[in-house]
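Report on one structure; see the data block that follows.
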Amino acid sequence: MCSENLNPIRPRRRRVLWRVLGMLPIVVLPLMAAGTVQYFTDQANSRRIAVADIDALGSDVNQATATVLWAIAARQSEAAVTPTLQPTLTDIDGDIAALAGQGAGDTRLAAVARSATAFVASLRGAVGQLDTGAAVATDDPRVQAEGAQYSQLITLIDSAVTALTADANQAEVISEVSIWASILAASGVLVIVFWRGERRRRREAVGRAHRETLEESERTFRLMFEKNPLPMWTIDPRTLAFVSVNDAAVETYGYSREQLASMTFTDLQADSTDGAAAAVLAGPYPSAGVGRLLVAGGGTVDAEMVVDEMETRGRLVHLVVARDVTEQLHLEEELRRRAFHDPLTGLANRALFADRFEHAQAMRARDDRGLAVITLDLDGFKAINDTLGHHVGDEVIREVGRRLEAGTRSQDTVARMGGDEFAVVVENAGIETAVQLTGRLLATVNGPFDSTGGVVEIRASAGVAQVVTAQTAWDAALQQSDIAMYVAKAKGKGGFHVYQPGMRSQVLERLEVSADLQHAMRSGEISLHYQPIVATSGAPRVDHLEALVRWQHPTRGMVSPMSFIPIAEETGAIVELGAWILRSACEQVAQWRAEGNEVTVNVNVSGCQLREPGFAAMVAGVLQRTGVPAAHLILELTETAVVQDIAAARRTLSELRDMGVRVALDDFGAGYSSLAYLRELPLDVVKIDRAFVSSLHDASQRVMVETIVRLLEALHVGIVAEGVETAEQLEQVRSLGIDHYQGYYFSRPQPARDVLLVQPRGEAAAERRETTRARAYAA
Ligand code: C2E
Ligand code: CA
Ligand code: CA
């Protein structure tokens with residue numbers, strides 16, 4: 001802040017000083033040069049004048065000498081020669097005086113002057129002797145001396161002239177050199193001054209441009225900062241106090257500029273211990289990371305922050321750009337959840353199941369406390385979907401999900417694998433725990449459910465597989481528990497089985513069965529056997545039979561309906577198969593009637609058939625075509641067949657009864673046994689299940705059956721005891737007042753051609769019973 005005002009002052013003073021100093025040589029150098037030139041020019045001039053004076057002295061000396069020598073030779077008198085000589089001598093005196101004036105301090109001039117003075121004096125002496133009239137010979141010693149003096153003087157004059165001329169030349173050269181030197185020095189100085197000036201100008205221009213660029217970039221930054229749609233702050237790197245804030249940040253986070261002035265960035269963090277946010281601020285820059293920031297009025301924003309160092313107005317700050325990623329994170333979380341969860345139930349999906357399983361397997365490497373997988377599949381779910389609609393189906397699936405969650409431990413993972421299939425990863429559990437858990441789960445899942453489509457009886461079958469090796473993959477384990485579950489389904493629904501190594505082939509067989517069944521109906525492998533239903537009192541008559549389907553498979557031999565009927569129900573083939581069974585049974589009854597045997601036939605009907613629209617019409621059509629009176633047909637239904645939609649079942653059953661067809665409730669007491677159905681459904685007969693019959697030796701069971709029998713009597717419903725195998729059982733049944741029974745004790749199911757030949761039991765019947773049994777086994 002201060003530097004801008006203070007620092008530039010010193011450079012400016014120095015610059016002026018430098019400029020002044022730079023100009024000085026330009027003024028001083030020419031002055032110095034002029035002085036030098038003047039001095040040396042004066043020197044040269046004075047030398048040249050001295051030379052001229054000496055020259056004049058020389059010529060005057062020559063002239064005087066010649067005049068005197070002539071006077072001597074011509075023997076002129078002093079008076080005759082004086083007028084000629086005197087001016088010359090005066091000139092010489094003048095010359096000497098001029099020399100003396102010039103050459104003050106110059107020894108050479110002084111010597112010339114001295115010598116000239118002496119020579120003039122000797123000339124005057126010589127002229128004084130002319131008056132004696134004596135002839136002076138040229139070889140006279142005086143003349144000789146005069147000549148020598150003259151020569152000395154002339155020599156002096158010559159050497160002085162030469163020296164002075166050399167001095168003058170030298171001075172001229174020096175003056176000329178000093179002129180050039182000063183010109184060169186001045187030019188040099190000028191060049192330096194101009195060069196420095198230029199350099200400074202250039203530096204200033206660059207500085208100005210730099211300043212402008214800086215200002216421009218600050219202006220741009222300010223614009224980009226203030227008007228940026230992304231929230232931004234600049235903060236002090238040491239105190240984390242806010243230095244500036246943009247409009248978007250004020251708007252998004254709700255803190256005014258005044259509020260922010262007394263806050264630090266830490267105050268903005270939802271969690272001050274948030275390591276991620278701290279790391280972003282700590283660098284190295286640019287750094288980025290996600291942190292949760294507080295909004296003024298409450299609430300938080302998940303912000304992806306990018307932090308960088310920057311200098312603004314000469315100050316180092318941290319620029320924080322915060323992009324709101326709350327929605328994005330939420331979406332990502334949702335996508336992640338979707339990727340691993342079933343949208344209908346919110347349970348784990350197949351992918352998460354696999355993940356949890358593999359994780360559990362990895363944990364076993366460290367601490368093997370057992371691992372198991374449970375597979376659970378609803379019984380008859382297709383029927384629920386088909387009859388009550390998919391929305392009820394969805395409700396059921398959701399309910400099953402809830403029940404499974406309620407029944408499992410926190411460490412178990414319940415997953416929906418698709419459709420009505422569920423699976424559980426049971427961690428830290430040996431086979432006993434897994435089996436107990438499966439039993440508990442089925443107890444929780446099985447039971448009525450009050451759906452929007454009415455009460456639905458939920459039933460499921462389950463399979464358990466213990467994961468033996470740490471190498472078993474999730475799908476292999478799942479396949480094993482699936483196989484166990486298929487076996488449970490085949491053995492009767494609502495229960496579970498534990499996987500055993502031999503099970504796989506059984507199940508594969510089952511799948512093959514489903515494919516073969518279609519072909520079997522067409523090729524005559526399917527036939528009907530009949531089992532008599534006879535009165536408990538009086539002589540039993542074979543006039544009432546239950547038709548039971550048989551499949552003579554070309555490679556498997558006799559296949560039990562217990563194993564292929566459930567498959568036919570699952571695949572829907574039961575509709576066609578059931579219609580075929582009804583038609584065949586009625587055709588058989590028609591044939592027996594034609595042969596004079598009045599026979600009533602019980603035909604088993606599966607729930608899928610009952611729920612088929614137009615089932616009653618189909619039955620009516622068969623009766624009409626075969627000519628069998630409706631009174632000779634009893635349709636057997638299990639509770640499971642009607643339970644899914646009691647109202648619809650009641651409608652169909654009423655329709656059938658209106659036609660004169662009777663309805664029997666099969667397998668009563670086999671599991672569901674709701675007394676409510678006995679009142680709600682239009683029933684003619686109830687068949688007490690074999691399980692009840694075989695437990696009649698138990699007093700409490702007996703009391704229960706007795707109660708049921710009394711109730712049915714009150715409702716005027718006929719009763720048949722199933723599965724009577726021994727005389728004791730027959731006796732127990734009879735003592736309860738049950739009027740009809742069915743079972744191996746009287747006869748096994750027989751082919752049509754044999755069944756009417758079955759003899760009433762008595763002393764003579766034992767032998768026949770043996771043959772019957774032999775035939776049944778052979779079949
Ligand atoms: P279900 O309707 O209860 O048929 C009676 C089953 O008990 C028959 O088995 C019969 O052979 C057997 N049984 C009869 N007396 C005795 C006995 O004294 N002791 C023992 N242990 N068993 C006895 P099956 O023929 O194997 O049929 C099994 C089940 O298959 C039937 O049970 C029925 O639910 C189904 N089923 C058979 N035929 C048909 C059919 O034509 N249509 C439909 N939808 N289901 C059929
Ligand atoms: Ca039956
Ligand atoms: Ca039965």
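Here the structure is a predicted model, which means the values were calculated and not measured. Just so you know, ligand 1 is whichever comes first in the structure, and atom 1 is the first atom listed for that ligand. Heavy atoms only: backbone and side chains are in, while hydrogens, waters and symmetry mates are out.
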| query | Short list, please: which atoms of ligand 1 are under 4.0 Å from a heavy atom of P561? | reply | 24 (P), 25 (O), 26 (O), 27 (O), 28 (C), 30 (O), 37 (C)
| field | Ligand-side contact atoms (ligand 1) for residue partner E546, heavy atom cut-off under 4.0 Å | value | 2 (O), 4 (O)
| said: Once you restrict to heavy atoms under 4.0 Å, what part of I581 touches ligand 1? Side chain, backbone, both or neither. | reply: side chain
| task | Check each of F746, Y744, F564, W580 against atom 13 (N) of ligand 1 and report the one with the nearest heavy atom. | result | Y744
| task | Could you say whether the N/O atoms of R690 and ligand 1 ever approach to under 3.5 Å? | result | yes
| Going through the distances and angles, do M704 and F692 end up as a side-chain contact (heavy atoms from CB on, under 4.5 Å)? | CA-CA 9 Å; M704 195 156 88; F692 257 152; 3.4 Å; yes
| task | Find all atoms of ligand 1 within a distance of less than 4.0 Å from any non-hydrogen atom belonging to Q531, and give their numbers and elements. | result | 14 (C), 15 (N)
| So, is V549 polar-close to ligand 1, with some N/O to N/O distance under 3.5 Å? | yes
| field | the Ca ion (ligand 2) - number of protein N/O/S atoms closer than 3.0 Å | value | 4
| task | Please confirm whether H529 comes under 4.0 Å of ligand 1, counting heavy atoms of the residue only. | result | no
| said: Check the orientation of F564 and W551. Use parallel for under 30°, tilted for 30 to 60°, and perpendicular for over 60°. | reply: perpendicular
| Would you say Q742 and ligand 1 have an N/O pair spaced under 3.5 Å apart? | no
| request: Verify the contact flag for atom 45 (N) of ligand 1, where contact means a protein heavy atom under 4.0 Å away. | output: yes
| request: Run down the list L548, D667, N602, L582 and name the one with the heavy atom closest to atom 31 (C) of ligand 1. | output: L548
Donor-acceptor contacts under 3.5 Å from residues 709-724 side chains, at least two apart:
residue: R710; atom: NE; partner: E713; partner atom: OE1; Å: 3.2
residue: R710; atom: NH2; partner: L736; partner atom: O; Å: 2.9

| query | Does N597 have any side-chain contact (heavy atoms from CB on, under 4.5 Å) partners at least two apart in sequence or in another chain, and if so, which? | reply | W592, E595, V599, L756
| Does the side chain of E612 reach to within under 4.5 Å of the side chain of M618, using non-hydrogen atoms? | no
| field | Sub-4.0 Å heavy-atom contact, E569 with ligand 1 | value | no
| Is there a protein heavy atom at a distance of less than 4.0 Å from atom 6 (C) of ligand 1? | no
| Under 4.0 angstrom from ligand 1, any heavy atom of P749? | yes
| task | Taking only heavy atoms of G743 into account, list the atoms of ligand 1 that are under 4.0 Å away from them. | result | 15 (N), 18 (O)
| task | Show which atoms of ligand 1 fall inside a sub-4.0 Å distance from at least one heavy-atom site of M562. | result | 28 (C), 29 (C)
| Y744 six-ring centre to R748 NZ/CZ under 6.0 Å and within 45° of normal | yes
| Atoms in ligand 1 flagged as close to E722, the criterion being non-hydrogen separation under 4.0 Å | 3 (O)
| request: Please verify whether a non-hydrogen atom of R748 lies at under 4.0 Å from ligand 1. | output: no
| Any residue meeting ring-ring contact (aromatic ring centres under 6.0 Å, His included) with H390, in chain and number order, not counting sequence neighbours | none
